[in-house]
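The structure appears right after this line, and notes come after that.
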Amino acid sequence: MNYWLVKSEPFKYSWDDFVKQGVGTWDGVRNYQARNNLASMKLDDLVLFYHSNEGLEVVGIAKIVKEAYPDPTTDDNRWVVVDLVPVEKLPNPVTLKAIKADERLKDIALIRLSRLSVQQLKKDEFDIILSKAYGN
DNA sequence: GCCAACGTTGGC
DNA sequence: GCCAACGTTGGC
């Protein structure tokens with residue numbers, strides 16, 4: 001089982017849009033590193049949903065329901081998408097600020113590679129973020 | 001709205 | 001194959 005974090009700008013595609021839709025296709029990735037991560041996602045992997053630009057916080061958990069297949073929004077066969085479904089909205093969103101403030105999360109891609117839109121998380125990092133979401 | 005970080009493109 | 005120029009992302 002792997003753990004991931006994806007970023008979306010809420011005014012384009014927010015967590016609420018995602019929930020309304022039920023199944024979300026993660027399309028439009030045009031970056032090789034992000035694409036490679038998409039291609040590595042396995043069924044039932046868990047994915048944190050982060051709002052970039054506005055909100056700047058992890059808002060929910062999703063999971064993979066369909067592994068990588070060619071991106072239907074382009075003819076270019078280099079790009080792939082995955083399908084996700086919402087699992088749960090976090091009771092307390094975890095802000096970028098809170099993540100930055102945690103010594104144990106210093107090295108996660110969200111901080112180190114802030115521009116990467118699809119990132120892998122270690123289980124530890126995933127658990128730390130969730131503990132903040134469910135703790136007080 | 002600015003700017004840093006980083007990926008991509010294209011000339012040589 | 002290097003590197004400058006440029007575009008994009010995303011935090012502030």
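What you are looking at is a predicted structure, and each value in this text was computed from that prediction instead of being measured. In what follows, every chain begins at residue 1, and chains take the letters A, B, ... in the order their sequences are listed.
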**OP:** Would you mind reading off the distance between E54(A) atom CD and dG1(B) atom P, rounded to a whole angstrom?
**Re:** 14 Å

**OP:** Find the distance between CZ (R78(A)) and CZ (R30(A)) and round it off to the nearest 0.5 Å.
**Re:** 9.0 Å

Original post:
Does K7(A) make a side-chain N or O approach to OP1 or OP2 of dG10(C) shorter than 4.0 Å?
Top reply: yes

Subject >> Below 4.0 Å: OP1/OP2 of dC12(C) and any side-chain N or O of K100(A) >> reply: yes

Original post:
In whole angstroms, how far is the P atom of dT9(C) from the CG atom of N53(A)?
Top reply: 10 Å

Original post:
Is the closest basic N to carboxylate O distance between R104(A) and D102(A) below 4.0 Å?
Top reply: yes

Subject >> Value in whole Å for how far the P atom of dT9(C) lies from CG of L56(A) >> reply: 16 Å

Original post:
How about W15(A) and Y50(A): are their ring centroids closer than 6.0 Å?
Top reply: no

**OP:** Answer yes or no: does atom CG of D76(A) have more than 12 heavy-atom neighbours from other residues, nucleotides or ligands under 6.0 Å?
**Re:** yes

Subject >> Gap between atoms CG and C1', on D76(A) and dT8(B) respectively (whole Å) >> reply: 14 Å

**OP:** Starting at atom CD of E9(A), determine the distance to atom P of dT9(C), rounded to an integer number of angstrom.
**Re:** 7 Å

**OP:** Please state how far atom CD in E57(A) lies from atom C1' in dG10(C), giving the value in whole angstrom units.
**Re:** 15 Å

Original post:
So W26(A) and F49(A), would you call those rings parallel, tilted or perpendicular, with 30° and 60° as cut-offs?
Top reply: perpendicular

Restricting to nitrogen or oxygen on both sides, can you table the protein-nucleotides 4-7 of chain B pairs closer than 3.5 Å?
from   : atom 1 : to      : atom 2 : distance (Å)
dA5(B) : N3     : R115(A) : NH1    : 3.1
dC6(B) : O4'    : R115(A) : NH1    : 3.4
dC6(B) : O2     : R115(A) : NH1    : 2.2

Subject >> Side chain proximity check, I111(A) to K106(A), heavy atoms < 4.5 angstrom >> reply: no

